[in-house]
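To start, the structure itself, in structure tokens.
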Amino acid sequence: MDLFYKVRQHVLNELDSMVAAGQLPTGLDMTSVTVEPPKDPLHGDMATNAAMVLAKKAKKNPREIAEILAKRLSNVDVVENSEVAGPGFLNLRISIKAWQSIFNKILELGSSYGQTGLGKNLRVNVEFVSANPTGPLHVGHTRGAVFGDALAQLLSFAGYKVTREYYVNDGGSQVDTLARSVYLRYLEAHGQVVAFEDGTYPGDYLIPVGQALKHKVGSDYVDKPEHYWLDEVRKYSTDAMMKLIKDDLSALGIKMDMFFSEKSLYGSGKIEEAIENLKNKDLIYEGILESPKGKKIEDWEPRIQTLFKSTSHGDDVDRPIKKSDGAWTYFAPDIAYHFDKIGRNFDQLIDIFGADHGGYVKRMNAAVSALSNDKVKLDIKLTQLVKLFKRGEPFKMSKRAGTFVTLRDLVDQVGSDVTRFVMLTRKNDAPLDFDFDKVLEQSRDNPVYYVQYASARIHSVFRRAKEAGINFNEDQVSNKTFCEITHDAEIKIAKKLAEWPRLVEISAKTHEPHRIAFYLYELASDFHSLWNKGGENDELRFIQEKDHEVTFAKLAMISAVLVVISSGLGILGVEPVTEMN
RNA sequence: GGCUCCUUAGCUCAACUGGAUAGAGCAGCCGACUUCUAAUCGGCAGGUUGAGGGUUCGAGUCCUUCAGGGGCCGCCA
């Protein structure tokens, strides 16, 4: 189904025969042999580096190997011709028939085209967002949310069993602060005048929570000491915040499979269990950390703490898991949480953190490496900050100044599709400029419209075809070769579509969903280009009133484009539209 | 001071984990609406990939030194 894969298999077969014929030594590692589209189309349709990769080990001149391989490959049906170029590249020209058959295959496979089964049903846990349950999600969380969801979707498309997971930080002191802040709003709902001191959350979003609490418990908590109400109010408040956050996520079309409570780790022996595991590996000890050099800490004094020997697994310094008063640091439940994930038999873990958590990558990797005996791989992806712009000017978010931009504000103003696509049209580790006005006022600048417009145009053609009395049904395509598709611009589409399965694999392997977005843009560009050529050259118009055979072939072609666009947008979580408005 | 990410065209970004002459969009200039919706297309111009060194058949990509920028650095999660 994947033409590149197929050709690579041919190359590997021929290399094997060369080994059998004594033209190459035995025992060569073929894994780095690739078959790729060359950057310059003049070089052909595909190129293989086989000769250059093998030359050194085989102790032969790369061009010599390439010559032999070229001769052998010329007997393969899909290869039109092959020639050696440059230092030993082998350029292959693929028969037009092979390109024409792409459309057929895509329509037969439908949305499963590109699902190459790379993941082999391996179980992957993608943890993302995991924002503190103390308020609504803001713009910074949005990027991680979109990235994580698209990555999860991509991996699942590529054949992995994916669990989307949210780690709820409901065990630290920040949820006590939340509870106290809600309590103030509760008193306010009872008519009291309250002051929000430093260290409390003054945001308006807690007003309805305080009111709802009043409806629930009446005046029971009024003027009572903290120990009387704290536990209940904390639980009530975090539940309310998680409800808020779930609603925020669903505004972006994101649904988690699992919410894991940090609090559930305390008092259940789970933290102790994880630490015990490390202790058995001789990785826990009592010690004193040195003061960080170059950074002044006012009241620094050496203290004995319980430390995790993370340096034995690649970290720079050992990390404390207990504070000097004997309480766990935040790192301890994090270790236990990842231990739990390992215990749930995931083959691969992915964490998506904001850039401000970059300092925790090494210690988490060390912990997972130690806990799983290097069996489970943890990949931590950092999403860099989103810089917001208004009217071309950067502006900072501040709760006090009222310039706090929530995820909800963003989605309400620019929509889920634009938010998602814009944030995915960037590598995760590059900072992202998000200009509100540009996105709002000049929507034509958004690549998402460009791709959706292609989808809309295709639907438009089908509407026209129907009016012209041409019925196109995908069931009718089987075993047809569309020899009517011959123009360069059309074959270019076929070539682009042929890249799709490879692109899915690369994106999934590298955990880089942005590649999907860029690919879709390129595919849309090829399509728009062909569309406009129909203005100059009647033969390139999709609907040929007089020739239903040709029309049928062309409709099959654009239908195949639509299949891939739909799959791609599906991965990104963007709606493929049928018309623009 | 340490760790980490980044630096590619005037601007915003790609470049298929090491491949051939580094590509798009925007901005600029020229051109295409009697069309299957011009939210589109064609063309021109734009580069010492921050700087130096190294690894090899081959480097924007890997290693190293330096410069500049973001983020982080015990008892906050």
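Being a predicted model, the structure only gives us computed values, none of them experimental. Throughout, protein chains are lettered first and strands after them, A, B, ... in sequence-line order, and every chain is numbered starting at 1. Side chains are part of it too, since the values below use all heavy atoms of this structure and drop only hydrogens, waters and symmetry mates.
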Fill in: A:Asp433 (side chain) and B:rU12 (base): donor-acceptor pair under 3.5 Å
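Such a pair does not exist between side chain and base.
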Worksheet item: Looking only at N and O atoms, is any donor in the side chain of A:Arg426 or the base of B:rC13 less than 3.5 Å from an acceptor on the other one?
Response: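 Check fails, no donor-acceptor contact within cut-off.
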Using a cut-off of 4.0 Å on non-hydrogen atoms, how would the nucleic acid contact of [X] be classed: base, sugar-phosphate, or nothing?
X        : value
A:Ala85  : base
A:Ser324 : base
A:Tyr521 : sugar-phosphate
A:Asn91  : base
A:Arg515 : sugar-phosphate
A:Lys56  : sugar-phosphate
A:Glu579 : base
A:Lys362 : sugar-phosphate
A:Gly535 : base
A:Lys533 : nothing
A:Pro87  : base
A:His514 : sugar-phosphate

Discussion item. Centroid distance below 5.5 Å plus an interplanar angle below 30 degrees: do A:Phe89 and B:rG19 meet both conditions?
Written reply: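 Per 5.5 Å and 30° rule: no stacking.
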Worksheet entry | Short N-O contact, A:Arg319 and A:Asp315, less than 4.0 angstrom |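 Salt bridge flag = yes for A:Asp315 with A:Arg319.
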Worksheet entry | Presence of salt bridge, A:Asp351 and A:Lys341, under 4.0 angstrom |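 So A:Lys341 pairs with A:Asp351 through a salt bridge.
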Practice prompt. Fill in the dot-bracket string of RNA chain B, one character per base: . for unpaired, | for a pair to another strand, ( ) or [ ] for pairs within the strand, taking Watson-Crick or G-U pairs under 3.5 Å.
Written response: (((((((..((((.....[...)))).(((((.......))))).....(((((..]....))))))))))))....
Integer-rounded Å distance: [N] [atom2] and [X] [atom1]:
X        : N      : atom1 : atom2 : result
A:Glu536 : B:rU34 : CD    : P     : 14 Å
A:His338 : B:rA77 : NE2   : P     : 17 Å
A:Leu523 : B:rG25 : CG    : P     : 15 Å
A:His528 : B:rC33 : NE2   : C1'   : 16 Å

Item to complete: Check whether more than 12 heavy atoms from other residues, nucleotides or ligands sit under 6.0 Å from atom CD of A:Glu290, and answer yes or no.
Response: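 Incorrect, the count does not exceed 12.
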Practice prompt. Starting from the 5' end of RNA chain B, give me the residue, A:Ser173 or A:Ala47, whose nearest nucleotide shows up first.
Written response: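 That would be A:Ala47.
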Fill in: Pairwise 5' ranking along RNA chain B for A:Leu382 and A:Gly534, keeping only the more 5' one
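Nearest nucleotide further toward 5': that of A:Leu382.
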Discussion item. Using the C1' atom as the point on both nucleotides, what is the distance between B:rG53 and B:rC76, in whole Å?
Written reply: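 Roughly 43 Å separates the two C1' atoms.
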Does a side chain donor of either [X] or [Y] reach within less than 3.5 Å of an acceptor in the other side chain?
X        : Y        : result
A:Ser507 : A:Glu512 : no
A:Asn132 : A:Thr134 : no
A:Asp334 : A:Tyr360 : no

Worksheet item: When you check the glycosidic angle of B:rU12, does it come out syn, meaning within 90° of 0, or anti?
Response: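 It is anti.
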Item to complete: Output, in order, the C-alpha distance, side-chain angles, deciding distance and verdict of ring-ring contact (aromatic ring centres under 6.0 Å, His included) for A:Phe472 and A:Phe552.
Response: CA-CA 7 Å; A:Phe472 177 77; A:Phe552 190 83; 5.1 Å; yes
Item to complete: Assess the pair A:Tyr453 and A:His528: is the distance between their ring centroids shorter than 6.0 Å?
Response: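 Yes, the ring of A:Tyr453 comes within the 6.0 Å limit of the ring of A:His528, centre to centre.
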